[in-house]
Amino acid sequence: MNHATKLIPLFHPGLLVAAFMLSGAPTPAATPIATGSTLEARQWEVLDVAFSGPNQPAAPFDLEATAAIAGPGGVKLDVPLFYNGGREFVLRFAPPAAGEWTFTTRSPVKELAGHMGTIRAAAARPGQHGPVGISANSKQRFAQADGTNYFPIAFECDWLFALDAKNPAGIPKTRVLADTIARHGFNQVVMNVYAFDVTWPSDPKLKPEFNYARPDYSPFGGTNESPDFSTLNTGFFQHFDRVIAALGERDLIAHVMIYVWNKQVTWPAARSAADNRYFDYVVKRYQAFPNLIWDISKEATGYGHNDMAYITERIERLRRLDAFQRLVTVHDYGYCAKYPEQVDFVSIQIWTSELFAAMKEAGAKTPQKPIFNIEHGGYERGPYHVFTGDYLSADVCLERAYQCVFAGAYPTHYWQDTSWSVVMHDPDALPEAQRPRLHYYRHLAALAAAPGFAELEPARQRFSSSGLCLTDGKSRFVFFVPKENSAVQLRRLPAKAGQRVTMSWVDPHTGETRALPTVTWRANLEVITPGWDHFAILKIDLQP
């Protein structure tokens, strides 16, 4: 999802405008340009068109302005404009398809009404797959707009917004961490728009350069301790633009949690004008990003701020405002389980040691929705202690991720020193003994990307004496074999006597594959485990 910066002309006589492809670079200001031109864009890339509004607009965040956009195939969208400071109002658009798009702005404010333009969108760049949606082949699977399968392997980084927020020169730390996340196989970042501080004590050894708690800024006017809810901090959001764009450049989906109630943020009262202003602004400003998934709030109903009716109202409000209809979920299983029709996929936070069974049960309760384990209680330890869950070992965290996968669900990984207010942006620079084992997830990503893997489902019957199984029900079987196993007995595979069976072990720590001799099927096959000190993956294929 590339976002190349380029100043390009807009077709509108006499209008002070600038149009540009959004990237990690600083946002250019509106500039007078030649009239009588057409904008050039690309499918699924963000294009910003800036308009000059009235001088010193009163309550600029509350001004109503939209663009009626028409495109190929009769597609019509009403995309809201957002205020960007000074006199600047921005139409942010990512063409859903190649071809010609026209727009006309509408507003009760005369300076923002009646502007017309044409956007000519070229085909998507090679390797671009578009925004994430629900698969047409399975309601419990994801796919991107071009039909490519999307298998989420997520990484939690709540304070990502803060890494370079005070750096006027750019976002170097953000880029290093995003590169690291992508390089290790993750393809989604779970993140807050804003958070202030955690509720648990800090590690006394923590170095100040890694502590991003208690920022002296806020998405509102003023500071978190003394906010001005009548206005919003456009500088904060201009920086957040660059963060989301940097993720998109690395094909990382931004799973954006609009609120968080347990990180000491001073929020306006629920349902107040200030609350609606903030919420609407976030939706207006970020909906066009193709690498975005909405999450109403982290742990949405657990801290007494609101009730489930409020969350439903937020979802309905978002869907009315989001012209691009990005996916929506809520970091609250109580809500998702009670109102699955309101969300596009179910987020579940569950720490039980019987994780596989719990995830299978969640999938059975909502068979028409993907199941995303947003927090399974594993928080891999780092140099600085931040939060103790029930599982700190990198090996156990990985095992729990695979249990989610073999239950037909999707995992999220937490490393203590990037998940919350402590952020070590370059974990690969640490001494080997202190590095998180993020590379494990590269091998999970490779397994998920293997041909045919997207068609595999949790087995509905037992095909082995122990372990967990994914299968297409015909010729392909993938087994999760616990480290305690000395062997696994294969039973009742749908094979004929004498049919050839190919087998291989895959090491989830290294990605190493060990092919076993091809055998002929009998009623029962014993397969000796490879003797690793961790669980293993056994791949079985029945040959025609």
Side-chain angles (χ1 to χ4, degrees), residues 1-8 10 19-25 27 38-50 67 69-82 90-103 117-136 141-152 178 182 186-189 191 240-256 283-294 318-319 321-328 344-345 449:
M1 297 178 184
N2 299 316
H3 304 275
T5 301
K6 184 182 179 183
L7 284 172
I8 45 182
L10 173 74
F20 49 90
M21 301 300 291
L22 188 64
S23 75
T27 301
T38 297
L39 290 169
E40 303 293 337
R42 278 193 181 270
Q43 182 181 15
W44 301 323
E45 291 189 5
V46 173
L47 174 73
D48 278 6
V49 183
I69 301 180
V75 174
K76 294 184 178 180
L77 303 172
D78 283 316
V79 180
L81 278 62
F82 62 85
V90 175
L91 164 62
R92 179 166 286 168
F93 180 61
E100 187 168 285
W101 298 80
T102 60
F103 68 84
T118 299
I119 298 169
R120 188 166 56 219
R125 297 179 191 276
Q128 300 279 59
H129 302 296
V132 174
I134 305 302
S135 171
R141 295 284 183 247
F142 296 97
Q144 292 182 267
D146 68 350
T148 301
N149 294 315
Y150 176 72
F151 192 98
F186 299 97
N187 56 12
Q188 186 173 143
V189 179
M191 57 193 292
F240 200 65
D241 289 349
R242 293 187 279 273
V243 174
I244 302 298
L247 296 180
E249 290 163 3
R250 291 151 179 83
D251 292 326
L252 292 168
I253 299 299
H255 179 129
V256 175
V283 177
K284 290 176 183 179
R285 186 158 191 140
Y286 295 100
Q287 61 180 267
F289 280 95
N291 64 311
L292 183 131
I293 286 173
W294 295 117
L318 184 150
R319 292 196 190 278
L321 196 56
D322 180 3
F324 298 90
Q325 294 299 291
R326 305 304 185 205
L327 294 185
V328 182
D344 295 309
F345 62 96

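Note that the numbering runs from 1 along the sequence shown for the chain. What you see below is based on every heavy atom in this structure, not just the backbone, and it leaves out hydrogens, waters and symmetry mates. No experiment lies behind these values; they were computed from the predicted model shown.
Contact of the L77 side chain with the F103 side chain is not registered, since no non-hydrogen atoms from C-beta on lie closer than 4.5 Å. In this structure, Q128 and R42 have side chains that are not in contact, with every pair of non-hydrogen atoms separated by 4.5 Å or more. Looking at E100 and T118, their side chains come closer than 4.5 Å, going by heavy atoms from C-beta outward. Using a 4.5 Å cut-off on side-chain heavy atoms (C-beta onward), F142 and P152 make contact. Here the side chains of W101 and V75 are in contact, with some heavy-atom distance below 4.5 Å.
Between the CG atom in L247 and the CG atom in L292 there is a gap of 10.0 Å [rounded to 0.5 Å]. Between the CD atom in Q287 and the CG atom in L321 there is a gap of 6.0 Å [rounded to 0.5 Å]. Considering CG of L81 and CG of D48, their distance stands at 10.0 Å, rounded to 0.5 Å. Taken from CG in L327 to CD1 in I253, the straight-line distance is 9.0 Å, to the nearest 0.5 Å. Distance CG/L91 to CD1/I69: 5.0 Å, rounded to 0.5 Å.
Evaluation of the side-chain hydrogen bond (donor to acceptor under 3.5 Å, both in side chains) rule for N187 yields Y150 as partners, not counting sequence neighbours. Partners of Y286 by side-chain hydrogen bond (donor to acceptor under 3.5 Å, both in side chains), not counting sequence neighbours, listed by chain and number: D241. Taking R120 as the reference, T38, E40 meet the side chain to side chain contact (heavy atoms under 4.5 Å, CB included) condition, with sequence neighbours excluded. Partners of A182 by side chain to side chain contact (heavy atoms under 4.5 Å, CB included), not counting sequence neighbours, listed by chain and number: R250, L252. Here D146 pairs with W44, H129, Q144, T148 under the side chain to side chain contact (heavy atoms under 4.5 Å, CB included) rule; sequence neighbours left out. Scored by the side-chain hydrogen bond (donor to acceptor under 3.5 Å, both in side chains) test, W294 finds D322 as partners (sequence neighbours excluded).
Residues P72 and A98 share a closest heavy-atom pair of CG-O, 3.3 Å. Across V243 and M191, no two heavy atoms sit closer than the pair CG1-CE, 4.0 Å. Nearest heavy-atom pair, A97 versus A121, reported as atom, atom and distance to 0.1 Å: O-CB, 3.8 Å. Closest approach of V46 and A288 over heavy atoms only: CG2-O, 4.0 Å.
Proximity of a side-chain donor or acceptor of R92 to a complementary backbone N or O of L47 within less than 3.5 Å is not detected. The backbone N or O of F289 sits less than 3.5 Å from a side-chain atom of R326, completing a donor-acceptor pair. Although no hydrogens or angles enter the test, the distance criterion places a donor-acceptor pair under 3.5 Å between the side chain of N291 and the main chain of I244. Remark: the backbone N or O of V328 is paired with a side-chain donor or acceptor of D344 at under 3.5 angstrom. Between the side chain of Q325 and the backbone N or O of R319 there is at least one donor-acceptor pair closer than 3.5 Å.
Aromatic ring pairs are classed by plane angle as parallel below 30°, tilted from 30° to 60° and perpendicular above 60°; the pair H255 and F345 is perpendicular.
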- prompt: Taking it one step at a time, do V132 and Q188 satisfy side-chain contact (heavy atoms from CB on, under 4.5 Å)?
  reply: CA-CA 11 Å; V132 174; Q188 186 173 143; over 6 Å; no
